[in-house]
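In what follows, a single structure is set out as structure tokens and then discussed.
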Amino acid sequence: MRPARPLAEALAEGALVLDGGLASRLEEQGSDLSGELWSARLLADDPGRIEAAHRAYVRAGAQVLITASYQASYEGFARRGLTRTEAGRLFARSVRLARAAAEDTADEVWVAASVGPYGALLADGSEYRGRYGLTVRELERFHRPRVEALAAADPDVLALETVPDTDEAEALLRVAEGCGVPVWVSYTVSGTRTRAGQSLDTAFGLVRGLDQVIAAGVNCCEPPDTAAAVTRAARLTGKPVVAYPNSGEAWDARRRAWTGPVTYSAHRVADWLGAGARLVGGCCRIGPGTITDVAAAVSMYGPGPGGGAARR
């Protein structure tokens, strides 16, 4: 069942809790995600595990579920021998699985269809670098069929996420224009710049004044970098801010392993909310247990455009 209110209306009333890393939960459930399609492979091979992962986040308190389509692409599915028709059905299935999991609760749960960056197709960590050597128009050609397929599945919002540079953001926004579904845009950043090195002033300036964009912010970045980016996004866009960093560990694409210390803590959520975040959760390596803690932190904040005043 769809929520009674559009997501934008809910964001006008208070902060909401996003889910955590879908792949992280799938691995906890015993799924092998070693292939290039990553969690998107399970859309064809074991969709029940994806639905179970979504349900775990609903139980943890997530109010917005992000679909398993981040790594999905027509090109990637073609490598698995799937036709375009079959691939299109898998895009639609990603939305249906999240919608089905949302029925576990009487509370409103929104579904965000993930549109990952071109670098996800390459499966070599390129989404953490950007600058693929493609023009904006070439990136448009890659993203358009994916956006059209996901929009046709009727999600509540399209999550244009883990965007490493402004060229890709421009391409995604052009493709999404007129698709009939609201979007959020979230960059992956390093410090106060995009992963490709552009200023956040330029990056967030792209979405200012675009009514279709209901939120903007950052994801899959280091937790210590998040508060400053949220502040910048709120000031530059005038929109609700989305913030869902990863655990703080670094992805080694060659070894296909996470390295380094965990720096994510639900204690940071108060800072993000105070800076203007309205959609708060986690990305890679953040599981349901942490999202339960995030939900508790969000519940301490009252309604209001700035994330509300803390009720401690």
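The figures that follow rest on heavy atoms only: side chains count, while hydrogens, waters and symmetry mates do not. All of these numbers come straight from a predicted model, not from anything done at the bench.
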Apply side-chain contact (heavy atoms from CB on, under 4.5 Å) to Asp45 and list each qualifying residue two or more places apart in sequence or on a separate chain. Arg41, Arg80
Please check if the side chain of Glu86 supplies one atom and the backbone of Thr83 the other of a donor-acceptor pair under 3.5 Å. yes
Donor-acceptor check, side chain of Gln71 to backbone of Gly116, threshold 3.5 angstrom: yes or no? no
Heavy-atom pair with the smallest gap, counting every atom of Ala216 and Val207: CB-CG2, 3.9 Å
Under the side-chain hydrogen bond (donor to acceptor under 3.5 Å, both in side chains) definition, can you give me all pairs with a residue in residues 230-239, not counting sequence neighbours? Asp201-Arg232
Assess, by modelled atom type and distance only, whether the side chains of Gln198 and Tyr187 contain a donor and an acceptor separated by less than 3.5 Å. no
Does some side-chain heavy atom of Leu121 sit less than 4.5 Å from a side-chain heavy atom of Phe142? yes
CG of Leu43 to CD1 of Ile50, rounded to nearest 0.5 Å, is 4.0 Å
Residues Arg129 and Ser126: side-chain donor-acceptor under 3.5 angstrom: yes
Would you mind listing every side-chain hydrogen bond (donor to acceptor under 3.5 Å, both in side chains) that reaches into residues 217-229, with sequence neighbours excluded? Thr162-Asn219, Ser186-Asn219
What pair of heavy atoms forms the shortest contact from Ala169 to Leu206, and how long is it? CB-CD1, 3.9 Å
Please examine the side chains of Val111 and Arg2, heavy atoms only from C-beta on, and report whether any two atoms are closer than 4.5 Å. no
Close side-chain approach of Thr188 and Tyr128, heavy atoms under 4.5 Å: yes
So which atom in Leu22 and which in Ala53 form the shortest heavy-atom distance, rounded to 0.1 Å? CD1-CB, 3.6 Å
I need the minimum non-hydrogen distance between Gly119 and Glu127, along with the two atoms involved. O-OE1, 3.4 Å
Let me confirm one number: the CG-NE2 distance from Asp104 to His54, rounded to the nearest 0.5 Å. 12.0 Å
For the pair Arg25 and Asp19, find out whether any cationic side-chain nitrogen is under 4.0 Å from an anionic carboxylate oxygen. no
Taking every non-hydrogen atom, the tightest pair across Ala151 and Leu158: N-CD2, 4.3 Å
How would you list all residue pairs meeting salt bridge (charged side-chain N to carboxylate O under 4.0 Å, His left out) that involve residues 279-299, not counting sequence neighbours? Glu249-Arg285
Residue pairs involving residues 156-179 (criterion ring pair (Phe, Tyr, Trp, His ring centres under 6.0 Å); sequence neighbours excluded): none
Could you check Asp156 against Arg99 for side chain to side chain contact (heavy atoms under 4.5 Å, CB included), going step by step and ending with a plain yes or no? CA-CA 10 Å; Asp156 298 299; Arg99 193 77 74 191; 2.7 Å; yes
Show me the donor-acceptor pairs, under 3.5 Å and distance only, between side chains in residues 174-183 and residues at least two apart or in other chains.
{"from": "Arg174", "atom 1": "NH1", "to": "Glu140", "atom 2": "OE2", "distance (Å)": "2.9"}
{"from": "Arg174", "atom 1": "NH2", "to": "Glu170", "atom 2": "OE2", "distance (Å)": "2.5"}

Give a yes or no on whether a salt bridge exists between Glu51 and Arg55, defined as a side-chain N under 4.0 angstrom from a carboxylate O. yes
Please identify each residue that fulfils ring-ring contact (aromatic ring centres under 6.0 Å, His included) with Tyr264, with sequence neighbours left out. Trp272
Suppose we screen for side-chain contact (heavy atoms from CB on, under 4.5 Å). Which residues come up paired with Val241, at least two apart in sequence or across chains? Val230, Ala233, Ala234
Sequence neighbours left out, what passes ring-ring contact (aromatic ring centres under 6.0 Å, His included) with Tyr57? Give chain and number order. none
Considering residues at least two apart in sequence or located in another chain, which fulfil the side-chain contact (heavy atoms from CB on, under 4.5 Å) criterion with Ala153? Ala92, Val95
Heavy atoms of Ala8 and Ile214 approach each other most closely as CB-CG2, 3.9 Å
Do any N or O atoms from the side chain of Asn246 and from the backbone of Cys283 form a donor-acceptor pair under 3.5 angstrom? no
Side-chain donor-acceptor distances from residues 58-67 under 3.5 Å, at least two apart:
{"from": "Gln63", "atom 1": "OE1", "to": "Val17", "atom 2": "N", "distance (Å)": "2.8"}
{"from": "Thr67", "atom 1": "OG1", "to": "Ser69", "atom 2": "OG", "distance (Å)": "2.7"}
{"from": "Thr67", "atom 1": "OG1", "to": "Ser114", "atom 2": "N", "distance (Å)": "2.9"}

Using 0.5 Å steps for rounding, measure from the CZ atom of Phe204 to the OG1 atom of Thr194. 10.0 Å
With sequence neighbours left out, the residues meeting side-chain contact (heavy atoms from CB on, under 4.5 Å) with Leu134 are Tyr118, Tyr132, Glu138, Leu139
So CZ of Phe91 and OG of Ser73: to nearest 0.5 Å the spacing works out to 6.5 Å
Find out whether Cys220 and Tyr244 are in side-chain contact, i.e. whether some heavy atom of one side chain is under 4.5 Å from a heavy atom of the other. no
With rounding to the nearest 0.5 Å, note down the distance linking CD in Glu9 to CD in Glu108. 8.5 Å
Keeping Arg49 on the side-chain end and Gln29 on the backbone end, is there a donor-acceptor pair under 3.5 Å? yes
Distance col, row Leu173:CG vs His143:NE2, nearest 0.5 angstrom, shows 10.5 Å
Are the side chain of Arg278 and the backbone N or O of Leu11 linked by a donor-acceptor pair below 3.5 Å? yes
So does Ala72 get a backbone contact from the side chain of Arg146, meaning a donor-acceptor N/O pair under 3.5 Å? yes
Stepwise, does the side chain to side chain contact (heavy atoms under 4.5 Å, CB included) test hold for Val157 with Trp184? CA-CA 7 Å; Val157 63; Trp184 83 53; 3.9 Å; yes
